[in-house]
Peer 1: 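Please find one structure pasted underneath; my questions will follow.
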2 protein chains.
Amino acid sequence: MDDPQSEMPRAPDSRDKILEVAEGLFAYGGYAGVGMRQLASMVGLSKSSLFHHFPTKLDLYASVLDRVLSRIEAGLDGARPRTDSPEARLTAWIDAAVQTLSEDVPAGRLMMRALVDEEPFPALELKPGPGSGREPMSFEVRLARILGRFEGLLASGIEQGVFRPVSIGDTILSVIGSIILHFASGDLGEILIGEPIFSGAAVERRRRELSEFIQRGLLA
Amino acid sequence: MDDPQSEMPRAPDSRDKILEVAEGLFAYGGYAGVGMRQLASMVGLSKSSLFHHFPTKLDLYASVLDRVLSRIEAGLDGARPRTDSPEARLTAWIDAAVQTLSEDVPAGRLMMRALVDEEPFPALELKPGPGSGREPMSFEVRLARILGRFEGLLASGIEQGVFRPVSIGDTILSVIGSIILHFASGDLGEILIGEPIFSGAAVERRRRELSEFIQRGLLA
DNA sequence: GTCTATACACCGATAGAC
DNA sequence: GTCTATCGGTGTATAGAC
C-alpha cells in the first residue's frame with residue numbers, strides 16, 4: 001500500500017510477524033478466544049509493542065482477515081481455465097479454491113468463523129449503499145469481489161443454459177459451505193475421512209469429489 | 001434422565017431457563033465470547049446461582065450442545081420416507097434437516113461453531129475406542145449417532161448402485177457444510193439471498209434447492 | 001520501535017449467610 | 001436455591017523512559 005515499488009515480498013518485519021502469529025491464533029481460538037498477552041509472548045514482543053503496530057485488537061483482527069482474503073483472492077484469480085465455457089470456469093474455480101485452502105491451513109477456519117460471526121464485525125456489509133452510514137472495510141471489499149465474481153460465473157452459466165436455473169444466492173452458500181467446511185473441520189474432518197485433511201491424498205481426492213459433486217449438482 | 005415419568009415437557013425451571021438463554025448467547029458469541037455475568041443478568045439470576053446449577057462454564061456449554069443436538073436428532077428421526085429407496089430416504093433426511101434448522105434459530109450457528117472449534121472441546125472424539133483414555137460426552141455420542149445414520153444411508157445407496165461411488169467421508173462434509181452454512185450465515189446469508197434466511201419463502205426455496213442440488217450430485 | 005509499569009473492568013470460581 | 005462479598009487472574013489499553 002505505502003511501498004511504491006513493492007512487488008516482491010519484503011523481509012518480514014515485526015508487523016508481518018504479528019499478523020502471521022495472530023492469524024494462527026485467531027483461526028484456532030476465534031476473536032474472543034485470543035489474548036494480546038498470549039499473542040505477544042508467542043511473537044516475542046511485549047504487549048505494548050503490539051499496540052504500537054495496531055491501535056486496537058479489532059484493528060489487528062481486521063488486518064488478519066484482509067491478509068487471508070487477499071491470499072485467497074490471488075489464488076482464485078490465478079486460475080485460468082483453458083476455455084471460457086461455464087463448466088471449465090467452474091472447474092477451474094473449484095480447483096483453485098481447494099488448492100488455495102489446502103496450502104493455507106488457517107485460512108479455512110478463519111473464513112468460516114468470519115462468515116458465521118456477526119461479532120466482532122457486523123457481518124460484512126457487502127453493498128453498503130449510499131445511506132448505510134458506514135464505509136466498508138478493506139476485507140469486506142475483497143470478500144464482495146470474490147463473491148461477485150463467482151456470482152457472475154453462475155449467472156452467465158445459467159444464461160447460456162449450461163447450468164440449471166438455480167437460485168444464485170442459495171447456490172453460493174451451498175458451494176462455499178461444502179468447500180470450506182472440509183478445511184475448517186479439523187479433528188472431526190480427519191475422523192470422517194480417515195486421514196489428515198491437509199495430506200496430499202486427501203486434498204487431491206477432495207478436489208475430485210467436490211468437482212464432480214458440484215458440477216453434477218449444477219449442470220442442466 | 002432423573003425424572004422417571006417424564007415424557008411431557010415440564011414447566012421450565014431455572015436450569016432450563018439458563019440453558020435457553022445460554023444457547024442464544026453461545027450461538028451468537030461463541031464459548032469465549034460469553035461471560036457468566038452477562039448470562040446471569042439476562043436470565044435474572046446472580047452469577048453464583050449459575051454455578052449452583054452447572055459446576056463450571058464448560059459443563060454448561062456441554063449441556064447446551066447436548067440440548068441442541070438432541071432436538072436435531074429428534075427432528076431427523078421424526079422424518080419417515082414413504083418408501084425405503086435411498087433417494088426417498090435422502091430427500092426425507094434433507095427435508096428434515098432444513099425443517100429442523102429453520103425452526104431452531106440458534107441451532108445452525110451453534111452446530112457450525114462446534115464443528116469448527118477444537119477448543120473448548122477437543123473436537124468430538126466420535127469413536128473413542130478402547131485406548132483413548134477419555135469417555136465420550138453425551139453430545140459426542142449424539143453427534144456420532146446422527147453422522148453414523150447418514151453414513152449408513154449413503155453406504156446403502158452406493159451399494160444398491162443408486163448413488164455414485166463417492167467418498168463417504170468427503171460427501172458427509174460436503175452435505176453438512178452446504179446445509180448448515182445457510183442457517184449459520186446470518187447477515188451475509190440475508191444479503192446473498194435477498195431476504196431473511198429464516199423467512200418462510202427462503203426456507204421453502206432452500207429445501208427445494210438443496211434437495212435438487214444434493215440429489216443430482218449423488219445419483220449415479 | 002521497544003520496553004516496564006500501571007490502570008481498571010471483567011474473567012471464572014468459591015465461601016458462607018439466609 | 002438464591003444471595004452478597006470476595007478471590008486471584010486476565011482482558012484491553014495507556015503513560016512514559018530509553
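Just so you know, these numbers come straight off a predicted model, no measurement behind them. Order of the sequence lines fixes the chain letters, A, B, ..., with proteins taken first and strands second; residue numbering starts at 1 for each chain.
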Peer 1: Take the protein atom CZ of A/F54 and the nucleotide atom P of C/dG1, then report the distance between them rounded to whole Å.
Peer 2: 12 Å
Peer 1: Would you check if the side chain of A/S49 reaches a backbone N or O of A/L45 as a donor-acceptor pair within less than 3.5 Å?
Peer 2: no
Peer 1: Between A/F213 and B/F213, how do the two ring planes meet: parallel, tilted or perpendicular, split at 30° and 60°?
Peer 2: perpendicular
Peer 1: How long is the line joining CG of A/L25 and P of D/dG11, in whole Å?
Peer 2: 12 Å
Peer 1: If I take atom NE2 in residue B/H52 and atom C1' in nucleotide C/dA17, what distance separates them, rounded to the nearest angstrom?
Peer 2: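 Atom NE2 in B/H52 sits about 15 Å away from atom C1' in C/dA17.
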Peer 1: Could you tell me whether A/D117 and B/R113 make a salt bridge, using a distance below 4.0 angstrom between a side-chain N and a carboxylate O?
Peer 2: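 Between B/R113 and A/D117 there is a salt bridge, with a charged N closer than 4.0 Å to a carboxylate O.
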Peer 1: Backbone N or O of B/A97 within a donor-acceptor pair of the B/T100 side chain at under 3.5 Å?
Peer 2: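 Side chain of B/T100 to backbone of B/A97, a donor-acceptor pair under 3.5 Å: no, none is there.
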Peer 1: Please give, in whole Å, the distance from C/dG1 C1' to A/L45 CG?
Peer 2: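 Distance, rounded to whole Å: 9 Å.
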Peer 1: Could you state the atom-to-atom distance from CZ of A/R15 to C1' of C/dG1 in whole Å?
Peer 2: 14 Å
Peer 1: Could one point to a donor on the side chain of A/S48 or the base of C/dT4 with an acceptor on the other under 3.5 Å away?
Peer 2: yes
Peer 1: Could you state the atom-to-atom distance from CG of A/L50 to P of D/dT12 in whole Å?
Peer 2: 10 Å
Peer 1: Between B/S185 (side chain) and B/L188 (backbone), is there a donor-acceptor pair under 3.5 Å?
Peer 2: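 Answer holds: no.
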Peer 1: Kindly indicate, with the supporting measurements, whether the criterion ring-ring contact (aromatic ring centres under 6.0 Å, His included) is fulfilled by B/F198 and B/F183.
Peer 2: CA-CA 8 Å; B/F198 288 100; B/F183 292 104; 5.7 Å; yes
Peer 1: Each nucleotide in nucleotides 6-12 of chain C should get exactly one letter: B, S or -. Can you fill that in based on protein heavy atoms under 4.0 Å?
Peer 2: B---SBB
Peer 1: Does a side-chain N or O from B/S49 land closer than 4.0 Å to OP1 or OP2 of D/dC3, or not?
Peer 2: yes
